[in-house]
Every structure is written in structure tokens, then in C-alpha cells.
Amino acid sequence: MASELVRHYSTAAEGTRLSRTPHGRLEFLRTQELIRRHLTAPARVLDVGGGTGVHAEWLAADGHPVHVVDLVPGHIEAAAMLPGVTAQVGDARRLPVADRSIDAVLLLGPLYHLTESPDRATALAEAHRVLRPGGMIAAAAISRYSALLQKAADGTLDPDTTPSITQAIATGHYDGRVGFLPTHWHTADELRTELETAGFEQAEVYGLEGPTWPALDLAGADAFDVLAPAALRCARLIERDPHIINTSTHLLAFAHT
């Protein structure tokens, strides 16, 4: 699994993922907004699976010392060049970090790439191990309904794509046939349960983008600046509504040790 991820992300343009599409830009803004809401004091941040440092860059600019751990050597080289950021190659399941040495851990990608439940549990246990007492985790997941909403909105939900999407909704297992890699997709309740089972307390799960993200993609990049303010307001209004939270393409959970 790790070697497959390294091959994929060594050629994927990960540094621009959150700026290429309207829903990616919305994801970035909401991730930044929610992390800033929860991370109010200067903190030692461990960004696990942090890629080229897209989030590490602004966190360091905010005054947080950031250390990025990522599987892909090219990502580490890029992240290490950012002011206030250090970086090293590593795996979310075996963090090269001392016990109780970190104030906040970000897992903004590893959980959906860890397709087996024991691997996700191991990654969460590692995050718990390195956090100081009272430390914070921010853990992201892909919603089980993400592909359904995208394919229905852009007109590509057809008999060929339906079985993969049906399986993802029912089990969380996404087989990769509609694009992207085989991954695990969560519901908000499942993500909360995984955090609490790992020993985290007061887990709160947020819908990142809200239900408007497919419409933003259909409208196109040129319309983003006009439509984004309303999309952001919508996302904030229903960010923890249990009836609609899973319509976001991503979920973001916060909890403490």
C-alpha cells in the first residue's frame, strides 16, 4: 500500500490539488478556517501526510512550528524549503516522533488511504502517543457520498459507475474504478467512533464544504469568487447538522487526548 501511494503521489501534482478546482479551493478555505478556530495558541504541529506543505506553510506563517511527515521523498524536499517548517519521510503508522512531544497532530490525508480498519487504528494510536496531555488531533476523511453527489451533478452517474458508488456508500470501501486510488470513505459517525475508540475525547466532526461544492465545480473556476461567499456561509450554517453533514465531500474531526 505504501509503495503504491509513493508511486501515485510522486507523479500527481499534490502541491496544486487544493487550487485546481472550485471544490478544492473551498476545501482549503474551510480547513484553514476550522483549524484556526481550534488552534488558538502557538502550538508544535505535526502534519502527518502533509504533502508539499500546503497547510504547513500557512500554519508556520501563523507562528506555529510545523514538522511534516510524509511517505513521498519529493513532498518532503518541497516542504522542508518552507520557512518555519521541518520535514522527514515517515509513515502515519510508525511516527518518527517522541512520546508526548506535540501539541497538535494533523491527519488530513492518511485515514482515507489506510483502507484497513486496524491500520487506521494504528495511525490514530500513534497520533495519541505523540500528543501531550490535552493535545489536539485534526483528522480528515472523505465522505461516503462524495462520488454520488459529484457524478449525479455532472451527469456521469450511469450503470457503469453505480456499482462502485453503491459499494462505497454501503461499506466505505471505494475500489478506485471511478477515478483516484482505492480508499476508505467514512460517515461522520464512523469517524467519530474511530477517534473515540483510539482514546480521544470530545470528538467533534464537521462537514467541510457543505452541500454546494458540486455546484461550484459545475459553475467553473471563473465563478468561484462570486459564489464562494454564499457557499462558505452555507457550510458554516450546517457544518455539524447530523442530517446533512455527510453531503460534504470531506469531513474534519477535532478531538483531544
**Asked** Do Thr187 side-chain atoms and Arg144 backbone N/O form a donor-acceptor pair below 3.5 Å?
**Response** no
**Prompt:** Is there a donor-acceptor contact under 3.5 Å from the side chain of Glu209 to the main chain of His250?
**Reply:** yes
**Prompt:** Among pairs that include at least one residue of residues 219-235, which meet side chain to side chain donor-acceptor pair (under 3.5 Å), considering only residues two or more places apart or in two chains?
**Reply:** Arg25-Asp225
**Request:** Kindly work out whether a path of hydrophobic side-chain contacts (I/L/V/M/F/W/Y, heavy atoms less than 4.5 Å apart) joins Val66 to Val89.
**Result:** yes
**Close side-chain approach of His38 and Met136, heavy atoms under 4.5 Å** = yes
**Item:** Pairing residues for Arg192 by the salt bridge (charged side-chain N to carboxylate O under 4.0 Å, His left out) criterion, not counting sequence neighbours
**Value:** Asp189
**Request:** Grab the two heavy atoms, one from Ala79 and one from Gly51, that are nearest each other, plus how far apart they are.
**Result:** CB-O, 3.9 Å
**Prompt:** Is a side-chain donor or acceptor of Arg93 paired with a backbone partner of Ala123 at a separation under 3.5 angstrom?
**Reply:** no
**Asked** Which atom pair, heavy atoms only, marks the closest approach of Gly63 to Pro42?
**Response** O-CB, 4.4 Å
**Prompt:** Arg44 side chain to Ser101 main-chain N or O, any donor-acceptor pair under 3.5 Å?
**Reply:** yes
**Message:** Is there a path of hydrophobic side-chain contacts, each under 4.5 Å between heavy atoms of I/L/V/M/F/W/Y residues, joining Leu232 to Ile35?
**Reply:** yes
**Request:** Kindly give the cluster partners of Ile102, where membership spreads through any ILVMFWY side chain lying under 4.5 Å from a current member.
**Result:** Leu46, Val48, Val69, Leu95, Val97, Val105, Leu107, Leu111, Leu124, Val130, Leu131, Ile137, Leu191, Leu195, Phe200, Val205, Ile245, Leu251
**Message:** Going by the rule side-chain contact (heavy atoms from CB on, under 4.5 Å), which residues pair with Asp175 if we only count those two or more places apart in sequence or in a different chain?
**Reply:** Ser164, Gln167, His173, Arg177
**Fill in**
For Ala56 and Val68 the tightest heavy-atom approach is CB-CG2, 3.7 Å
**Request:** Give the minimum heavy-atom separation between Thr247 and Trp213, together with the two atoms involved.
**Result:** O-NE1, 2.9 Å
**Message:** Once ring-ring contact (aromatic ring centres under 6.0 Å, His included) is applied, what residue pairs with a partner in residues 129-167 remain, sequence neighbours excluded?
**Reply:** none
**Asked** Is a donor on one side and an acceptor on the other found under 3.5 Å between the side chain of Arg236 and the backbone of Arg30?
**Response** no
**Prompt:** Is the side chain of Asp62 donor-acceptor paired with the backbone N or O of His64 at a distance under 3.5 Å, no angle test?
**Reply:** no
**Asked** Can a donor-acceptor pair be found between the side chains of Thr115 and His184 at a distance below 3.5 Å?
**Response** no
**Prompt:** Do the side chains of Leu34 and Ile244 join up, straight or via other hydrophobic residues, at under 4.5 Å, putting them in one cluster?
**Reply:** no
**Prompt:** Backbone N or O of Thr249 within a donor-acceptor pair of the Ser143 side chain at under 3.5 Å?
**Reply:** no
**Message:** In the structure I gave you, are the side-chain heavy atoms of Phe180 and Ile142 within less than 4.5 Å of one another anywhere?
**Reply:** yes
**Asked** Does one side chain, of His186 or Glu194, offer a donor that lies under 3.5 Å from an acceptor on the other?
**Response** yes
**Request:** Determine whether Leu29 and Trp58 fall in the same hydrophobic cluster, where Ile, Leu, Val, Met, Phe, Trp and Tyr are linked whenever their side-chain heavy atoms lie under 4.5 Å apart.
**Result:** yes
**Message:** Treating Thr212 as the side-chain partner and Ala215 as the backbone partner, does any N or O pair qualify as donor plus acceptor under 3.5 Å?
**Reply:** no
**Item:** Shortest non-hydrogen separation from Leu108 to Ala138 and the atoms involved
**Value:** CD2-O, 4.0 Å
**Arg120 side chain to Leu114 backbone, donor-acceptor under 3.5 Å** = yes
**Request:** Look at the rings of Tyr206 and Phe254 and say which category their plane angle falls in: under 30° parallel, 30 to 60° tilted, over 60° perpendicular.
**Result:** perpendicular
**Message:** Donor-acceptor check, side chain of Thr161 to backbone of Leu157, threshold 3.5 angstrom: yes or no?
**Reply:** no
**Complete:** Taken in chain and number order and not counting sequence neighbours, the residues that satisfy side-chain contact (heavy atoms from CB on, under 4.5 Å) with Arg100 are Pro133
**Item:** Nearest atoms (heavy-atom pairs only) where Pro83 meets Ala60
**Value:** O-CB, 3.4 Å
